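No experiment lies behind these values; they were computed from the predicted model shown.
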Amino acid sequence: ADNPVTAAIQGFCDVGSSLAHFILTERSDIRLTAISDHTGLLVCPEGIQSNQAWQSELLRLVQEERTLAEFNHSLLAQEGIMLRGQERIDEIVTMPTTIFLPAAVANQITMANVDQILANGTLVVEGANIAFTPDAARRFDEQGGRRVVDFVAYGGCVFTSNNEFIAIQAIGQETFTGHFDRLAADNNKAVRKNAAEIAAYLWEEVTRHDGSSPLYLSQIAQQATRS
């Protein structure tokens, strides 16, 4: 495609690795061009999916709960992929990608980098709690930056946890444990369906926006979750 959708993920623990797995296995329309953890920054301009060996290796790290530093070094010797060291992991925040998914620690988007993110036109989907510092969030929103706020982005987790709590109260811990797999599968289907509908709605709003006024995506997201 002339204008491929690209994504960068900051973080490779529970949230970040799950996002990577989802993109690599279920979203062939999104190129995963960068992902970072505390050990390094994996960069692949054409997308990890452009090479089956690269994709398989990253999925292995997800499955085995490894760090990016453990990515097969012989694959890193190939053209088109590189692992930058710990001293460069913060570069992921301002990479020019379609979507940036901060899924590590809080306050990664600050007044020092928010203008570059705005200039890139990046959609920020907050997988981490409080991805923005307060002043950076204010500037981002005032300048029409596009973001899905944290409580909307991971609302499915709250939904699932709440249902589990209610089920334990209703049927007891022992019975609930026996039915957990079925309950989790049902919840997962519901969350995925809801997430797909909200994502489609958000994407429609973003693509049809003519730029004549600021686009407060957080407000649109909140409206979508209420509908």
List the residues meeting side chain to side chain donor-acceptor pair (under 3.5 Å) with [X], not counting sequence neighbours, and say none if there are none.
X	answer
Ser56	Gln52
Gln78	Trp54
Gln49	none

Side chain to side chain contact (heavy atoms under 4.5 Å, CB included) partners of [X], counting only residues at least two apart:
X	answer
Ala104	Gln10
Gln116	Thr94, Ala119, Asn120
Ala53	Asn51, Leu75

Hey, could you give me the [atom1]/[atom2] distance between [X] and [Y], rounded to the nearest 0.5 Å?
X	Y	atom1	atom2	result
Asp135	Thr110	CG	OG1	8.0 Å
Asp37	Ile9	CG	CD1	11.5 Å
Thr67	Glu70	OG1	CD	4.0 Å
Ile130	Asn107	CD1	CG	6.5 Å
Leu83	Ile35	CG	CD1	11.5 Å

Can you run down the ring pair (Phe, Tyr, Trp, His ring centres under 6.0 Å) pairs that involve residues 113-139, sequence neighbours left out, and say none if there aren't any?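 Those involving residues 113-139 are Phe132-Phe140.
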
Going by ring pair (Phe, Tyr, Trp, His ring centres under 6.0 Å), name the pairs with one or both residues in residues 76-109, residues two or more places apart or in two chains. none

I need the full list of salt bridge (Lys or Arg N to Asp or Glu O under 4.0 Å) pairs touching [range], with sequence neighbours left out, sorted by first then second residue.
range	value
residues 73-82	none
residues 104-118	Asp115-Arg139
residues 5-18	none

Please give me the minimum heavy-atom distance between [X] and [Y], naming the atom from each residue.
X	Y	result
Gly47	Thr33	N-CG2, 4.1 Å
Val105	Gln108	CG2-NE2, 3.1 Å
Ser36	Leu41	CB-CD1, 3.8 Å
Cys44	Ile81	CB-CG1, 4.3 Å
Ile48	Leu42	CD1-CD2, 3.9 Å
Ile23	Ala7	CD1-CB, 4.1 Å

Residues Arg138, Glu142: salt bridge by 4.0 Å N-O rule: no

Can you name the residues that form a salt bridge (charged side-chain N to carboxylate O under 4.0 Å, His left out) with Glu91, not counting sequence neighbours?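 Salt bridge (charged side-chain N to carboxylate O under 4.0 Å, His left out) list for Glu91, sorted by chain: Arg84, Arg88.
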
Around atom CD of Glu26, are there more than 12 heavy atoms of other residues, nucleotides or ligands at under 6.0 Å?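 Yes, CD of Glu26 has more than 12 neighbouring heavy atoms, counting only those of other groups under 6.0 Å.
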
Just wondering, are more than 12 heavy atoms of other shown residues or ligands nearer than 6.0 Å to CD in Gln63? no

Side chain to side chain contact (heavy atoms under 4.5 Å, CB included) with Leu24: of Ile30, Leu58, Val62, only one passes, and it is Leu58

If Ile, Leu, Val, Met, Phe, Trp and Tyr residues are connected whenever their side-chain heavy atoms lie under 4.5 Å apart, and connections chain through other members, are Leu68 and Leu76 in the same group? yes

